[in-house]
Number of protein chains: 2
Amino acid sequence: MINKLISNIKKTKAPIVVGLDPMLGYIPEHIKKAVYANLGETLEGAAEAVWQFNKEIIDKTYDLIPAVKPQIAMYEQFGLPGLMAFKKTVDYCKSKGLVVIGDIKRGDIGSTSAAYAAGHIGRVQVGDKSYAPFDEDFVTVNPYLGSDGVNPFIKVCEQEKRGLFILVKTSNPSSGEFQDRLVDGRPLYELVGEKVAEWGASCMGQDYSYVGAVVGATYPEMGKVLRKIMPKSYILVPGYGAQGGKGADLVHFFNEDGLGAIVNSSRGIIAAYKQEKYEKFGERNFADASREAVMDMVWDIRGALENR
Amino acid sequence: MINKLISNIKKTKAPIVVGLDPMLGYIPEHIKKAVYANLGETLEGAAEAVWQFNKEIIDKTYDLIPAVKPQIAMYEQFGLPGLMAFKKTVDYCKSKGLVVIGDIKRGDIGSTSAAYAAGHIGRVQVGDKSYAPFDEDFVTVNPYLGSDGVNPFIKVCEQEKRGLFILVKTSNPSSGEFQDRLVDGRPLYELVGEKVAEWGASCMGQDYSYVGAVVGATYPEMGKVLRKIMPKSYILVPGYGAQGGKGADLVHFFNEDGLGAIVNSSRGIIAAYKQEKYEKFGERNFADASREAVMDMVWDIRGALENR
């Protein structure tokens, strides 16, 4: 799946991923009004509004982008109807040729991680039959429990040709509280990065490993160091746009081949119509605003890469 | 909810929690056969088998125990039908007066953690209405992202009187890979434990905080140290039984008041009928074997506490 991700990136010339993290506050009133008229202000109504919002954004952007990253929490908050909308979103994006990165940040002891891996990127056995319940292409994984929490995910990646992005240095302000603590004079995130390189070595695609890393756009200097520690790992870079990262900050996340990183923007794309810059589109044409925001983001990052 | 947990523990004299982590391999053939005859070897069939298995164990043990801990991965692996069985299990346990600890190990950046908190222990707003989608009493939280990943959970705890158990030192063999790394001469898990004490101070029940910690039974010496670092935090102790922990190892997880810890056993209880010790019950009476295993576990832990 890393090979498909890279081929999609080369085809679109867009090393970006759109974060499908719909909050109800991002969804235009006309969608919510119509859906609630039908289903009421219910969990089912919220989930249907989320799905309709996603679908319109996907329809207006899928030809420009290689991948999407739905954040499962934004669906899980609406319970089972929300998770149905998550699944529908995953399936629809895949039908459009997009690579789907499930931002699930799971991670547990061995047998439990194996269950998460089966449910999200693998197959689960029921008697003589097997099923791929959520069927994402990649998932994000939390490494706090160490190798035996990560290995079951890697095993499934090998079997099913799926991929992982393991949290190394997250984009949020307090990520340093534990991740930056010095161990033998070096920050913990570097040790996690070394482990990612080690885990990934056994699981190579053509040029890059199936095991990637998450490193926040908000920490470009750390990205530079981590890029060298994990040369064969794709880096998923959250924190662009709304969280403060800019294209010029991101060049060191990429390798010399122009590959090796994929930059996520969520709110900056899906709620673009709320920004002054895109308000000319109006709320009804929110997905056109998203399309323009995608083009601007690609231009910003490609420009920075060409000028480095 | 910490007050209710403690009151349930005092009432049952059982500082234990039954881990409802059903693997299909644990479920007796007669249940699977009957369910598959009806629903086929499908995700729906697997989920129904899980639910019937859980219900029988709950019916045979609820009067002896204060709490249950369903591990959501074991349900999530069966996709949406699996998560329906999770929800059904949560609701049924609550109807029996049990405290429900959702072992979800979520944790993300602020706005995303807020969505998880709303979905699992809080309420989510849809227009003018609000809902409690999964409605557990406690959840487990992964702290790797630091305070701003944990604070949204704490905020919901305060509003809704729910509780947390934050991963400090997990029970698995490789937990030391990152958690034991020395920071200024002290292991990382101690720093996380200090943070738990700090987070918990603002969120007190009667004698204990709403913010507890997870510390594995497999690391009793570390439990002793962490008990002192977090005197007001309840410790959820996984790893008893199948993972290797014994009652005598666990006394230092408790405070002098005999409170402060709750020991989890999953496989050792729910699949007790597969052990030589309980094979006299036979597969059909698996839940009676679970009941006896609960009584043995309580006896082991209470005995160790009385003899310390």
Name the region of [X], side chain, backbone, both or neither, that has any atom closer than 4.5 Å to a heavy atom of chain B.
X	result
D135(A)	neither
S113(A)	neither
L167(A)	both
T170(A)	side chain

Nearest 0.5 Å, what's the [atom1]-[atom2] distance between [X] and [Y]?
X	Y	atom1	atom2	result
E177(A)	L191(B)	CD	CG	10.0 Å
D108(B)	N172(A)	CG	CG	8.0 Å
R186(B)	R181(A)	CZ	CZ	9.0 Å
L145(B)	S174(A)	CG	OG	7.0 Å
S175(B)	I109(A)	OG	CD1	10.5 Å

For residues E76(B) and H120(A), is any side-chain donor paired with an opposing acceptor at under 3.5 Å?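 There is such a pair between these side chains.
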
Contact class of [X] relative to chain A, heavy atoms under 4.5 angstrom:
X	answer
V124(B)	side chain
T112(B)	both
N142(B)	side chain
K32(B)	neither
S111(B)	both
D128(B)	both
P81(B)	neither

Set out, in order, the CA-CA distance, both residues' side-chain angles and the distance that settles side chain to side chain contact (heavy atoms under 4.5 Å, CB included) for L182(B) and V183(A), then state yes or no. CA-CA 6 Å; L182(B) 296 183; V183(A) 177; 5.7 Å; no

Contact summary for Y144(B) and L188(A), nearest pair of heavy atoms: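 Shortest heavy-atom separation between Y144(B) and L188(A) comes out as CE1-CD2, 4.2 Å.
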
Taking it one step at a time, do L83(B) and L83(A) satisfy side chain to side chain contact (heavy atoms under 4.5 Å, CB included)? CA-CA 9 Å; L83(B) 287 160; L83(A) 287 160; 3.6 Å; yes

Max heavy-atom pair count under 4.5 Å with chain A, selected residue of Y75(B), Y131(B), F78(B), Y36(B): Y131(B)

